[in-house]
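Inspection log for the structure reproduced underneath, given as structure tokens.
Lettering of chains follows the sequences in order, A, B, ..., and the numbering in each one begins at 1.
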There are 2 protein chains.
Amino acid sequence: MPGPTELERNLRAAGLRVTRPRLAVLDAVHAHPHLDTEALIAAARTRLDAISHQAVYDVLRVLTDTGLVRRIQPQGSAARYEARVGDNHHHLVCRDCGAIVDVDCAVGEAPCLTPSDHAGFTVDEAEVVFWGRCPGCTAA
Amino acid sequence: MPGPTELERNLRAAGLRVTRPRLAVLDAVHAHPHLDTEALIAAARTRLDAISHQAVYDVLRVLTDTGLVRRIQPQGSAARYEARVGDNHHHLVCRDCGAIVDVDCAVGEAPCLTPSDHAGFTVDEAEVVFWGRCPGCTAA
DNA sequence: CGCCGTTTCTTGACTCTTTCAAGGGAAGCG
DNA sequence: CGCTTCCCTTGAAAGAGTCAAGAAACGGCG
């Protein structure tokens, strides 16, 4: 978990202005990976009270557009965000409770897989989601 | 594209009643893979006019629950449906126009991949989405 | 063939997530 | 310190999907 100074540098490096809402949201994403937007709004408000709903959405969009955070959206779930970016890792999702866990990619850079028949497409990324049941839900 | 009789048999085999709305929706999914719900409603209405919005949603839910159709939902797109089921194939999605193309799975049965570290999860499926640009959008 | 119980379809309103729009306010530059 | 640009607040709305109540249709059974 990087200190505030590093978060600032991250923002500046991406050509973004440094503002309190952006720091709050970026810090929240670093501290709690795989949270949905509503939970991120709550987490950002523990860092900076009085930040609007809309500001969080705007900040998340800017951060994803610049590549500082990654947006993931498994079926049946609202959008979730994570700060681990650039290593092309994948996800394990529990069908019962929706828990998400990171899985390292064996290759490490996109695309780690290529389709057998690419139908003329230029493929730059292979997104892999492993579906199953987490240890807790397997027991229950 | 199976005839009406085969669609009926599919429904019965899944333990479902045979109704006109179900045949219309199932036929539409067979005829047009990867359509979103709105387009499927329109397609179903060419087969059976006056079928409600809600009936299509209900039918699609029943069909996905029984495994007769598969629901896919790439990021940034509404839910889409396809009738090709049980062969664990994957998808190629164009980042620009959203076109979806099927890709055969080399293995053919789920899960075709297993994560390096499964974190205690019981994995039963690996969903793979290849992101890139289709031939048309690459040219433009 | 017709009745009845169950399932399914219609209608209409509503929830939830996400986005749009307008205006005041802060960041950064000179 | 003042100006310009970009960002955040407030409020409203769009889009996808869901909930609920009642009417209609399916299909088993007599």
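Here the two rings, on B:His89 and B:His91, have centers that are under 6.0 Å apart.
A:Arg20 comes within 4.0 angstrom of no nucleic acid atom, judged by non-hydrogen atoms across all strands. Note on A:Thr19: only backbone sugar-phosphate atoms sit closer than 4.0 angstrom, heavy atoms only; bases stay farther off. If you check every strand for non-hydrogen atoms under 4.0 Å, B:Val18 touches sugar and phosphate atoms only.
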*CA sep, side-chain torsions, deciding dist, call: B:Arg84, B:Asp104, salt bridge (charged side-chain N to carboxylate O under 4.0 Å, His left out)*: CA-CA 11 Å; B:Arg84 189 175 159 188; B:Asp104 288 331; 2.4 Å; yes

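At C:dT19, none of the side-chain N or O atoms of A:Tyr57 fall inside 4.0 Å of OP1 or OP2 (strictly under the cut-off).
Between the CG atom of A:Leu11 and the P atom of D:dC7 there is a distance of 11 Å, rounded to whole Å. Going from atom CD of B:Glu8 over to atom P of D:dG27 covers 8 Å, rounded to whole Å. Nucleotide D:dC8 holds its C1' atom 12 Å from the CZ atom of A:Arg17, rounded to whole Å. Straight-line distance from the CZ atom of B:Arg22 to the C1' atom of C:dC9: 10 Å, rounded to whole Å. Regarding A:Leu16, its CG atom lies at a distance of 11 Å from the P atom of C:dG28, rounded to whole Å. Distance A:Ile51 CD1 to C:dG25 P: 18 Å, rounded to the nearest Å. Note: CD1 (B:Ile41) to C1' (D:dG15) measures 12 Å, nearest angstrom. A straight line from CZ of B:Arg45 to P of C:dT10 spans 9 Å, rounded to a whole angstrom.
Crowding of B:Gln75 atom CD: a count of heavy atoms from other residues, nucleotides or ligands under 6.0 Å exceeding 12. Residue-environment remark: CZ (B:Arg61) stays at or below the threshold of 12 foreign heavy atoms within 6.0 Å.
When the options A:Arg71, A:His32, A:His34 are evaluated for a side-chain hydrogen bond (donor to acceptor under 3.5 Å, both in side chains) with A:Glu82, the one that passes is A:His34.
Residue whose closest nucleotide on DNA chain D sits further toward the 5' end, between A:His53 and B:Ala78: A:His53. Residue B:Pro21 is the one, among B:Pro21 and A:Arg71, whose nearest nucleotide of DNA chain C lies closer to the 5' end (criterion: closest heavy atom).
Checked by distance alone, A:Gln54 brings no side-chain donor or acceptor within 3.5 Å of a matching partner on the base of D:dC7.
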